[in-house]
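One structure below.
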Amino acid sequence: MQHIIDRFISYVTIDTQSDSSSNTTPSTKKQWNLANKLVDELRAIGLTDVTIDDNAYIMATLPSNVDHQVPTIGFIAHFDTSPDFSGTNVKPQVIENYDGKDIILNKEKDIVLSSSYFDDLLQYIGQTIITTDGTTLLGADDKAGITEIVTAMEYLINNPDIKHGPIRIGFTPDEEIGRGAHKFDVEKFGAEWAYTMDGSQIGELEYENFNAAGAKITVSGKSVHPGYAKGKMVNALLIANYIISEFPKHEIPQETDGRDGFFHIHHINGEIEHATVELIIRDHDLKRFNERKQLVHDIVKRYNNEYDNCIELELKDQYFNMKEKVEPVFHIVETAKKAMEDIGIKPIIKPIRGGTDGSQLSYMGLPCPNIFAGGHNFHGKYEYVPVESMQKAVEVIVRICQLTANQ
């Protein structure tokens with residue numbers, strides 16, 4: 001257990017926060033710090049063909065140790081962390097033999113990880129939990145996944161009696177800003193299918209995700225002295241507010257779950273002469289997804305007719321539901337399911353309420369379901385991961401490799 005704890009902490013204490021405002025890949029220079037460390041570590045444990053390209057995409061190979069033809073499979077994780085919350089100066093806390101009570105993350109600032117509020121904690125009583133100190137995120141998304149993949153490869157190398165085919169691993173930058181797969185070389189990777197180790201709680205197995213789009217609505221106004229504004233002023237802030245009010249009131253993240261779609265307003269900026277509204281559009285069903293995008297177009301068109309074409313809309317698709325690409329090769333899901341069952345884990349098969357590199361990779365020709373990495377409460381100060389969940393994820397990877405070699 002200590003080995004996996006030490007490896008995980010060595011990763012999360014390196015700041016790799018990505019930045020959506022950057023046009024480079026990776027989007028932040030500090031991502032190189034962990035990327036270069038990983039390259040050295042992969043070589044040190046004995047993997048072959050270890051490469052890192054100019055955009056910090058890492059690939060490596062564990063050669064087959066069987067003499068018959070076996071499909072090449074892959075395991076993928078991302079090393080950047082979310083820009084939603086600070087990833088600087090992460091100070092992990094290791095809680096041994098968790099007792100089910102509230103965990104004080106930061107006594108001075110009265111920050112508490114409450115088991116009554118975050119009741120998932122209660123399923124980990126008696127286990128070892130790694131938390132934040134209440135001032136940063138942890139980075140289990142997705143440094144837990146990286147830890148698990150590296151540890152599984154090291155285990156297979158050290159235990160050559162475990163039979164497996166050729167295995168490729170890949171680590172990517174910038175997943176948290178939606179670009180993790182953009183420059184991933186699927187042909188170079190050379191796997192028939194892969195798994196992202198990027199899910200949450202133990203047992204998660206996902207092959208459906210949202211169809212996703214992002215929209216930016218820009219309103220141009222006219223500023224006039226308010227005492228003389230009648231018939232002249234065009235208040236961009238008010239028009240932006242009117243537009244926001246047109247979206248369905250209850251179709252928002254905090255009131256939806258399962259396969260429900262939503263509109264999520266995440267940024268509003270402006271003044272009288274200029275205002276912007278940024279939102280994301282999500283739905284598992286492609287027909288409803290297209291209807292949601294059309295609604296945005298219709299709202300903007302209506303207010304442009306009323307306010308003399310002062311509004312611009314940028315709407316771009318971000319990714320699509322990988323279910324369409326995975327279902328034709330559903331045996332790859334069944335293999336992961338059996339691997340979990342073989343080691344005593346009850347699979348939790350459900351749609352992802354978000355995105356993953358796997359969705360984009362699936363559309364790039366690499367079918368790629370998502371497997372749990374073990375963490376909870378991603379992207380914030382209440383993030384935590386049970387060490388036992390990471391250990392089980394390592395076992396799942398190893399078992400998938402065995403099963404694939406025996407097929």
Side-chain angles (χ1 to χ4, degrees), residues 3-14 16-18 31 34-35 37-38 41-42 45 47 56-60 62 73-82 87 90 92 130 137-156 167-176 180-181 184 189 191 194-207 209 336 339-340 345 348 352 354-361 366 368-379 383-401:
H3 185 53
I4 203 168
I5 293 172
D6 292 344
R7 173 168 280 149
F8 176 70
I9 289 177
S10 76
Y11 298 161
V12 300
T13 50
I14 299 173
T16 57
Q17 194 173 47
S18 48
Q31 290 183 63
L34 180 53
K37 171 183 169 64
L38 288 169
E41 191 168 347
L42 296 177
I45 67 172
L47 292 179
Y57 286 78
I58 300 167
M59 295 182 185
L62 179 60
I73 64 171
F75 296 92
I76 297 169
H78 64 91
F79 50 77
D80 69 311
T81 60
S82 171
V90 173
I130 303 178
L137 50 67
L138 179 61
D141 180 13
D142 187 25
K143 292 170 185 175
I146 292 176
T147 300
E148 293 150 8
I149 293 170
V150 175
T151 303
M153 296 303 105
E154 184 178 45
Y155 184 82
L156 289 170
I167 304 163
R168 291 282 279 164
I169 67 169
F171 299 143
T172 69
D174 292 339
E175 189 269 356
E176 296 291 1
F184 190 96
F189 194 60
Y195 302 92
T196 49
M197 301 300 297
D198 194 18
S200 184
Q201 76 177 75
I202 186 169
E204 283 190 353
L205 172 57
E206 300 148 327
Y207 65 93
N209 62 278
M340 291 186 192
I345 296 173
I348 304 170
I352 305 171
T356 171
D357 277 351
S359 61
Q360 296 184 50
L361 291 170
L366 181 66
C368 203
N370 191 46
I371 293 173
F372 72 91
H376 290 258
N377 304 339
F378 295 150
H379 300 186
E383 186 180 4
Y384 70 91
V385 62
V387 178
E388 287 82 352
S389 294
M390 288 196 285
Q391 290 178 311
K392 282 296 186 182
V394 172
E395 293 179 36
V396 169
I397 294 170
V398 170
R399 186 61 182 147
I400 287 173
C401 295

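Just so it is clear, the values below take in all heavy atoms, side chains as well, and ignore hydrogens, waters and symmetry mates. These figures come from a predicted structure and were not determined experimentally.
Tested against Tyr11, the residues Asp142, Thr147, Thr16, Val90 include a single side chain to side chain contact (heavy atoms under 4.5 Å, CB included) partner, Thr147.
With rounding to the nearest 0.5 angstrom, the CG atom of Asp357 is 8.0 Å from the SG atom of Cys368. Here the CD-CE distance, from Glu148 to Met390, works out to 6.5 Å after rounding to the nearest 0.5 Å. To the nearest 0.5 angstrom, Leu156 atom CG is 5.5 Å from Cys401 atom SG. In this structure, the separation between CZ on Phe372 and CE on Met340 is 5.5 Å, given to the nearest 0.5 Å.
Between the side chains of Thr196 and Asn370, a donor-acceptor pair is found at a separation under 3.5 Å. In summary, the side chains of Asp141 and His379 do present a donor paired with an acceptor at a separation below 3.5 Å, with no hydrogens or angles considered. Judged by distance alone, the side chains of Glu395 and Tyr155 never bring a donor and an acceptor atom under 3.5 Å apart.
Counting heavy atoms from C-beta on, the side chains of Phe79 and Gln31 come closer than 4.5 Å. Between Leu137 and Val12, every side-chain heavy-atom pair lies at or beyond the 4.5 Å cut-off. Looking only at side-chain heavy atoms (C-beta outward), Ser18 and Glu175 stay at 4.5 Å or farther from each other. Residues Ile400 and Ile371 form a side-chain contact, since some pair of their non-hydrogen atoms from C-beta on lies under 4.5 Å apart.
Considering every non-hydrogen atom in both Gly180 and Thr172, the closest pair reads O-CB, 3.5 Å. The two residues Gly145 and Ala77 make their nearest non-hydrogen contact at C-CB, 3.9 Å. Nearest heavy-atom pair across Leu205 and Ala336 is CD1-CB, 3.8 Å. For the pair Pro369 and Tyr207, the tightest heavy-atom approach, listed with the atom from each and the gap, is CB-CB, 4.4 Å. The nearest pair of heavy atoms linking Gln360 to Ala181 is CB-CB, 3.6 Å. Across Gly374 and Ser389, no two heavy atoms sit closer than the pair CA-CB, 3.9 Å.
The closest donor-acceptor contact from the side chain of Glu204 to the backbone of Ser200 lies under 3.5 Å. In this structure, the side chain of Glu383 engages the main chain of Ala140 through a donor-acceptor pair within 3.5 Å. Remark: the backbone N or O of Glu176 is paired with a side-chain donor or acceptor of Asp80 at under 3.5 angstrom. A donor-acceptor pair under 3.5 Å is formed between the side chain of Arg168 and the backbone N or O of Phe189.
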Exercise. Using the side-chain contact (heavy atoms from CB on, under 4.5 Å) rule, take Ile202 and Ile348 through it: C-alpha gap first, then chi angles, then the decisive distance, then the call.
Key: CA-CA 8 Å; Ile202 186 169; Ile348 304 170; over 6 Å; no
Quiz item: Does the pair Ile146 and Phe8 meet the rule for a side-chain contact (heavy atoms from CB on, under 4.5 Å), with working shown?
Solution: CA-CA 8 Å; Ile146 292 176; Phe8 176 70; over 6 Å; no
Self-check item: Criterion side chain to side chain donor-acceptor pair (under 3.5 Å) on Thr81 and Lys143, from CA distance to verdict
Solution: CA-CA 8 Å; Thr81 60; Lys143 292 170 185 175; 5.0 Å; no
Quiz item: Does the pair Glu154 and Arg7 meet the rule for a side-chain contact (heavy atoms from CB on, under 4.5 Å), with working shown?
Solution: CA-CA 12 Å; Glu154 184 178 45; Arg7 173 168 280 149; 3.0 Å; yes
Practice problem: For side-chain contact (heavy atoms from CB on, under 4.5 Å), just list the numbers for Ile45 and Met153, CA-CA rounded to whole Å, side-chain angles, deciding distance to a tenth of an Å, and then say yes or no. | Solution: CA-CA 8 Å; Ile45 67 172; Met153 296 303 105; 4.3 Å; yes
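Between Phe184 and Tyr57, the ring planes are perpendicular. Angles over 60° get that label, and only those under 30° would be called parallel.
Centroid-to-centroid, the aromatic rings of Tyr195 and Phe75 come within less than 6.0 Å.
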